[in-house]
Amino acid sequence: MTTPKVEAAGGRGPRVRFAPSPTGFLHVGSARTFIFNWLYARRNGGTMILRLDDTDVERNTEASVNSIFDGLRWLGLGWDEEFKQSERIALHQKMAWTIFERGFAYRDFTPAHSGDAEKSGAQGNWLYNPGMRDLPLAESDRRAAAGEPFALRFRVPRDLEQQVRFVDAVYGEQVKSTADIEDFALLRSDSMPTYHLASCADDADLHIDHIIRGQDHLTNTFKHVLIFEAAGCQPPAFAHLPLLVAPDGTKLSKRRHGAVVSVTTYRDMGFLPEAFINFLCLLGWSPKDNREKMSREELVASFSLEGINRANTVVNFKEPAATAEEMFDSKAVWLNAEHIRALPLADLSERLLPFVREKFEVEPSKMLQVTPLIQERIKLLRDVLTAADFFFVSDLPPYDPAELIPQKGDAGMAFRVLQKAEAVLQGTEFKHDALDQVLRSAAQELGVKAGQMFQPIRVAVCGRKNAPPLFETLEVLGKDKAIKRIGQALASLQNLSSVGQGR
RNA sequence: GUCCCCGUCGUCUAGCCUGGCCUAGGACAUCGCCCUUUCACGGCGGUAACACGGGUUCAAAUCCCGUCGGGGACGCCA
């Protein structure tokens, strides 16, 4: 991984970062954090930094790294600089020892606690081990020199009641007593940095001046302020984002909530990245002027930290859902449909193609013809498979011939209509106006209503009642296929026992 | 358990800082009507919320206190 220069590319705008830890796929909450950081950087002419917080060797996976990059690439927003925390360990350690030398840290020779097993319940109010905190420096040095393993802990001020404070751009002034902050670890007994240390050391080194992240870090921030100050650094500005929660009110989790919280699920089900971004922006932020559907440019132009809310936001998905559409938040689906309708035909057609090609062989030119017929009828790109399938198959899948019977009509009427259509269509040019004229007058001749004329034909060529407008459909389908399918419909009607002879 | 944060329609939200224009606005969803060759789009309309209790004030969704409720953080994980 390349490590670009630390100096900002363009100038003196804010430097922000998105720092995921690769322990799972990119989920929607992380994506929103990325987006808000990106928006803030772009809005203010700043620099967006991607930093992989991968110091936990045990849990980091290559698959997770890939998933994160997949998700971010799909969003298509990009970033200016990229770092990998695991390559910067020496820097973190250096900061830890600076803090130690300044007297704000001490060695703790207590053997490491077992693990996360008994993490479950109420953790007492453990603050520190007096024996270790008060160990004379000489003895500490001697034991370290003798090779005894130790963790390095932050020496949280305890002599007199002190308060740690910072101003959060979203939550306002935050204050916490040092009596409520334990002596957290800086270095583990294998000398590897902990998250808090590594994060602060990198933020300082990379000159991050605005940290925009989830509210689950709000209380961690007091520790971070302590670290920055002990290391002699100016703490950056903080802005914490309200948490994205599941319909059950709990924090989004891959384990509990499954694939709906993964960014790539949205991609695979046919969301447009711009619609997805739009949706996420409206979760915990508002432009305050009732706008909902917004382009990337509009978002950049109107984004500000002042518009961010404080209350948790529900992502209203349904995990066991009957259809793909039902599993997502209905507003996300609606926004996607809005963006789809706003897309230029050629663009939409191009984006539809990969989905169609999962099941059918289709030429781009054909797709382009079909696109206008479904543009306002699909909500997810993937819907193209169910909305336009009959354009792409040579033979229709079997359907119930009873569907051919029009409103207030019978099988006989269906038969007469289709016979008439077959005859009359033969000599008709397959263009909208010609078809319109011919079929309407055919209806008149038969003495049936236009709707009664059209429905049997629609079902015959589409295989179902709900479909795009008939004339356009026929035009795109072409004369040969249309007439062939009408013939097949006629045959299936004859097999219907109830058919009282087409006259 | 300790500490922190939050609480406006089912959901996302506007309004709250700088009390009165709020008989609380918009959107999604939902219901109904219209448009219409089906579906969809579009148009019109309906149902639906200031968690509760006390204050302060001529006046509170807006300020203060309390209660309840929800969430988060408390690891040699990130």
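Values below: all heavy atoms of this structure, side chains included; hydrogens, waters and symmetry mates excluded. Here is the naming used below: chain letters follow the sequence lines, and residue numbers restart at 1 for every chain. All values derive from a computational prediction rather than experimental measurement.
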Checklist outcome for this item: The nucleotide from B:rU11, B:rC39, B:rC76 with an atom nearest the side chain of A:Asn466 is B:rC39
Next on the checklist: Can you identify which nucleotide, out of B:rC12, B:rG72, B:rG42, has its nearest atom closest to the A:Thr250 side chain?
Outcome noted: B:rG72
Checklist entry - Taking CG from A:Asn312 and P from B:rU13, how many angstroms apart are they, rounded to a whole number? => result 10 Å
Checklist entry - Mind checking who B:rG32 pairs with, Watson-Crick or G-U wobble, both distances under 3.5 Å? => result B:rC44
Next on the checklist: Once you apply a heavy-atom cut-off of 4.0 Å, does A:Phe279 come out as touching a base, just sugar-phosphate, or nothing?
Outcome noted: nothing
Checklist entry - Of A:Thr219 and A:Pro20, whose nearest nucleotide on RNA chain B comes first from the 5' end? => result A:Thr219
Checklist entry - Across all strands shown, which nucleotide pairs with B:rU2 by Watson-Crick or G-U wobble geometry, both distances under 3.5 Å? => result B:rA73
Checklist entry - Is A:Lys251 touching bases, backbone alone, or none of the nucleic acid, heavy atoms closer than 4.0 Å? => result sugar-phosphate
Item to check | Aromatic ring proximity A:Phe454/A:Phe471, centre distance under 6.0 Å | outcome: yes
Next on the checklist: Taking only the P atom of each, what is the distance from B:rU56 to B:rC65 in whole angstrom?
Outcome noted: 15 Å
Checklist entry - What is the nucleic acid contact for A:Asp56, judged by heavy atoms within less than 4.0 Å: base, sugar-phosphate only, or nothing? => result sugar-phosphate
Item to check | Nucleotide of B:rC76, B:rC41, B:rC12 approaching A:Glu376 most closely (side-chain heavy atoms) | outcome: B:rC41
Item to check | Inter-nucleotide P distance (B:rC50, B:rG43), Å rounded | outcome: 30 Å
Item to check | Spacing of the C1' atoms in B:rC52 and B:rG70 (rounded, Å) | outcome: 15 Å
Checklist entry - Are A:Gln163 and A:Lys176 side-chain neighbours, meaning at least one heavy-atom pair lies under 4.5 Å? => result no
Checklist outcome for this item: Ranking B:rU38, B:rC41, B:rG72 by distance to the side chain of A:Arg341, first place goes to B:rC41
Next on the checklist: Using atom C1' in both nucleotides, what's the gap between B:rA61 and B:rG25 to the nearest angstrom?
Outcome noted: 13 Å
Next on the checklist: What I want to check is whether an N or O donor and acceptor connect the side chain of A:Arg59 with the base of B:rC77 at under 3.5 Å.
Outcome noted: yes
Next on the checklist: If you apply the rule salt bridge (charged side-chain N to carboxylate O under 4.0 Å, His left out), what do you find for A:Asp289 with A:Arg291, and how did you get there?
Outcome noted: CA-CA 6 Å; A:Asp289 57 10; A:Arg291 274 182 301 167; 2.9 Å; yes
Item to check | Assigned partner base of B:rC16, Watson-Crick or wobble definition, under 3.5 Å | outcome: none
Next on the checklist: Just to be sure I understand the rule, does A:Ser177 reach a base, reach only the sugar-phosphate, or reach nothing, if contact means heavy atoms closer than 4.0 Å?
Outcome noted: nothing
Next on the checklist: Side chain of A:Asn290, heavy atoms from C-beta onward: which of B:rU11, B:rC6, B:rG25 has the nearest atom to it?
Outcome noted: B:rG25
Checklist entry - Whom does B:rC9 pair with, Watson-Crick or G-U wobble, provided both distances fall under 3.5 Å? => result none
Next on the checklist: Within the 4.0 Å heavy-atom criterion, would you say A:Gln375 contacts the bases, only the backbone, or no part of the nucleic acid?
Outcome noted: nothing
Checklist entry - Salt-bridged, A:Glu472 to A:Arg377, with N to O below 4.0 Å? => result no
Item to check | A:Val370/A:Leu352 under side-chain contact (heavy atoms from CB on, under 4.5 Å): CA gap, chis, key distance, verdict | outcome: CA-CA 10 Å; A:Val370 172; A:Leu352 251 15; over 6 Å; no
Next on the checklist: What contact category does A:Lys465 fall into here, base, sugar-phosphate, or nothing, at under 4.0 angstrom with non-hydrogen atoms?
Outcome noted: base
Item to check | Options B:rU37, B:rU13, B:rG26, nucleotide nearest the side-chain atoms of A:Arg458 | outcome: B:rU37
Checklist entry - When you compare B:rC68 with B:rC28, how far apart are their P atoms, in angstrom units rounded to a whole number? => result 39 Å
Item to check | From B:rA14, B:rC76, B:rU37, nucleotide with atom closest to A:Thr194 side chain | outcome: B:rC76
Next on the checklist: Any base atoms under 4.0 Å from A:Glu182, or only sugar-phosphate, or nothing? Heavy atoms, all strands.
Outcome noted: sugar-phosphate
Checklist entry - Can you tell me if CZ on A:Arg310 sees more than 12 non-hydrogen neighbours from other groups inside 6.0 Å? => result no
Checklist entry - When the C1' atoms of B:rC21 and B:rU62 are considered, how many whole Å apart are they? => result 14 Å
Checklist entry - What about A:Lys176: does its side chain form a donor-acceptor pair under 3.5 Å with the base of B:rC4? => result no
Checklist outcome for this item: Of A:Asp329 and A:Asp53, the one whose nearest nucleotide on RNA chain B sits closer to the 5' end is A:Asp329
Checklist entry - Which value, in whole Å, describes the distance between the P atoms of nucleotides B:rU47 and B:rG10? => result 14 Å
Checklist entry - If you look at every strand shown and take non-hydrogen atoms under 4.0 Å, does A:Asp54 touch a base, only sugar-phosphate, or nothing? => result nothing
Item to check | Distance-only donor-acceptor test, A:Lys331 side-chain atoms vs B:rA27 base atoms, 3.5 Å | outcome: yes
Checklist entry - Between the base of B:rC28 and the side chain of A:Ser330, is there a donor-acceptor distance below 3.5 Å? => result no
Checklist entry - Which nucleotide, in any strand shown, forms a Watson-Crick or G-U wobble pair with B:rA24, with both distances under 3.5 Å? => result none
Checklist entry - Which nucleotide in the list B:rC12, B:rC76, B:rA14 gets nearest to the side chain of A:Ala185? => result B:rC76
Checklist entry - Can you tell which of B:rC5, B:rG72, B:rA27 lies closest to the side chain of A:Trp334? => result B:rA27
Next on the checklist: Exactly one of A:Arg107, A:Arg133, A:Lys223 should register a salt bridge (charged side-chain N to carboxylate O under 4.0 Å, His left out) with A:Asp183. Which one does?
Outcome noted: A:Arg133
Checklist entry - Taking C-beta and beyond as the side chain, do A:Phe166 and A:His224 meet within less than 4.5 Å on heavy atoms? => result no
Next on the checklist: So, under a plain 3.5 Å distance rule, would you say the side chain of A:Arg377 forms a donor-acceptor pair with the base of B:rC39?
Outcome noted: yes
Next on the checklist: For a quick check of understanding: with a heavy-atom distance under 4.0 Å over all strands, which category does A:His240 fall into, base, sugar-phosphate or nothing?
Outcome noted: nothing
Checklist entry - Rounded to the Å, how far apart are A:Ile308 CD1 and B:rU13 P? => result 12 Å
Checklist entry - When you compare B:rG72 with B:rG15, how far apart are their P atoms, in angstrom units rounded to a whole number? => result 27 Å
